[in-house]
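Since the structure comes first, as structure tokens, the remarks are kept for the end.
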Amino acid sequence: VYQEFIDRAVLLGLIQNRSISLTNKIADYLPELKGKTELTLRELLVHGSDLYVKNKYCTRNSVALEHLGFKGENENNYGSGDSIIIRELISSFNKSGYRSAVNKFIIDSFGLMNTSFYNEEKQQANKVVGYRPKKVNGHLTQGKRIDIDSTELYQNQLTMSISDILVTFRRIASNKLFSKKYDYLFARSINNIAGITCSRENYLISDNNFGQYLQLKSNKNGSHITLL
């Protein structure tokens, strides 16, 4: 959830820096979506795409734009395709790819010391390991270890320290990545993310990823933050 928050901020930063019109169609940048959607960038951010991906594709970074489609009324096991589209737009606008954009606009720009993309060949000893919850005789206990290799993001998965989460949130909330004229679009966009609520006064982010739980509450400019 928090990485989706970051992605939307990076996308708006790129739109501002590249002077990209919000009335341009997303399919103009992502040809794979031609015939699937006529949405503009603004409409994507405000309303979402209404495109979905089957959960079976959300493993080991195998999700591609061609997997996106419309969901039938009685069909389950689907996830929203919005985050996939937004990452692909970031990659398209940045030219050097998604990871390069996050490194430039978030990790390097904000001077983060404990944030990096997952690397199965180089794991630090202090990385937190997550486990799925499991009930035994009615009691909650530790289940199977969560394998990051089998997730949708895989090598695009960010790992962050608590201090870096606070730094990025405060910088984004205080308009260090995009100007105030994009605040409305940003608020509408993150309200489309399950687990995030943005009101006139507050942000509330509740995340549960890889067995780790996070809840962040803040006023709109990020000057007063509570993180659990």
Side-chain angles (χ1 to χ4, degrees), residues 1-55 57-69 79-110 112 115-122 148-160 164 168 171-172 176-179 182 185-186 188-190 192-193 196 209:
V1 170
Y2 190 68
Q3 187 166 344
E4 293 183 55
F5 175 90
I6 289 174
D7 286 349
R8 282 154 174 77
V10 170
L11 178 63
L12 283 170
L14 283 164
I15 287 172
Q16 176 175 293
N17 290 343
R18 304 288 193 271
S19 299
I20 296 169
S21 173
L22 289 163
T23 60
N24 291 349
K25 294 181 179 180
I26 61 176
D28 291 342
Y29 303 100
L30 306 176
E32 298 93 335
L33 297 183
K34 287 188 182 293
K36 291 185 178 181
T37 181
E38 294 293 320
L39 287 177
T40 65
L41 290 167
R42 182 187 298 277
E43 289 167 338
L44 170 68
L45 290 167
V46 172
H47 302 296
S49 69
D50 284 332
L51 292 174
Y52 293 83
V53 60
K54 289 184 178 180
N55 290 342
Y57 293 123
C58 297
T59 57
R60 203 171 177 86
N61 202 30
S62 64
V63 179
L65 290 173
E66 55 262 30
H67 293 143
L68 298 182
S80 172
D82 291 359
S83 295
I84 299 166
I85 294 171
I86 285 171
R87 287 195 298 273
E88 291 295 334
L89 285 170
I90 290 171
S91 182
S92 175
F93 294 162
N94 187 58
K95 306 299 184 187
S96 299
Y98 170 75
R99 291 164 63 108
S100 171
V102 174
N103 277 317
K104 176 181 178 181
F105 287 95
I106 299 294
I107 298 175
D108 295 341
S109 178
F110 296 163
L112 304 183
T115 296
S116 61
F117 283 100
Y118 171 73
N119 184 343
E120 63 182 334
E121 304 298 333
K122 184 181 179 182
I148 195 172
D149 290 8
S150 64
T151 64
E152 170 197 333
L153 287 172
Y154 184 42
Q155 291 188 346
N156 285 330
Q157 176 70 55
L158 275 178
T159 60
M160 306 182 72
D164 281 359
T168 55
R171 297 286 180 88
I172 291 171
K176 295 298 188 292
L177 203 54
F178 52 83
S179 66
Y182 292 103
L185 275 179
F186 183 63
R188 288 296 300 267
S189 176
I190 62 174
N192 292 327
I193 303 171
I196 297 183
N209 208 8

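These figures come from a predicted structure and were not determined experimentally. Numbers here simply count residues along the sequence, with the first being 1.
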Enter the distance from [X]:[atom1] to [Y]:[atom2] here, rounded to the nearest 0.5 Å.
X	Y	atom1	atom2	result
L12	N17	CG	CG	10.5 Å
E88	I86	CD	CD1	11.5 Å
L41	S189	CG	OG	11.0 Å
K36	K34	NZ	NZ	13.5 Å
I106	I6	CD1	CD1	5.5 Å
I107	F117	CD1	CZ	5.5 Å

Heavy-atom closest contact ([X] atom, [Y] atom, distance):
X	Y	result
G97	S91	CA-OG, 3.4 Å
V10	A101	CG1-CB, 4.3 Å
G48	L39	O-CD1, 3.4 Å
L158	V102	CD1-CG1, 4.0 Å

Inset, instruction - Output every pair passing salt bridge (charged side-chain N to carboxylate O under 4.0 Å, His left out) with a member in residues 15-25, not counting sequence neighbours, ordered by first then second residue. - result: K25-E38

Inset, instruction - Show your reasoning for whether side-chain contact (heavy atoms from CB on, under 4.5 Å) applies to I15 and L185. - result: CA-CA 12 Å; I15 287 172; L185 275 179; over 6 Å; no

Are side-chain heavy atoms of [X] and [Y] found at a separation under 4.5 Å?
X	Y	answer
L45	N192	no
D7	S83	no
L68	T37	no
R8	I193	yes

Inset, instruction - With sequence neighbours left out, write down each residue that passes salt bridge (Lys or Arg N to Asp or Glu O under 4.0 Å) with K104, or none if nothing qualifies. - result: none

Would a distance-only check, ignoring hydrogens and angles, find a side-chain to backbone donor-acceptor pair under 3.5 Å from [X] to [Y]?
X	Y	answer
T168	D164	yes
D82	L44	no
N156	R99	no
Q16	S179	yes
T115	M160	no

Residues two or more places apart in sequence or in another chain: which of them pass side-chain hydrogen bond (donor to acceptor under 3.5 Å, both in side chains) with [X]?
X	result
Y182	none
N94	S100
S96	none

Inset, instruction - Can you label the angle between the F186 ring and the F178 ring as parallel, tilted or perpendicular, going by 30° and 60°? - result: tilted

Legend entry - Which residues share a ring-ring contact (aromatic ring centres under 6.0 Å, His included) with F93, sequence neighbours left out: Y29

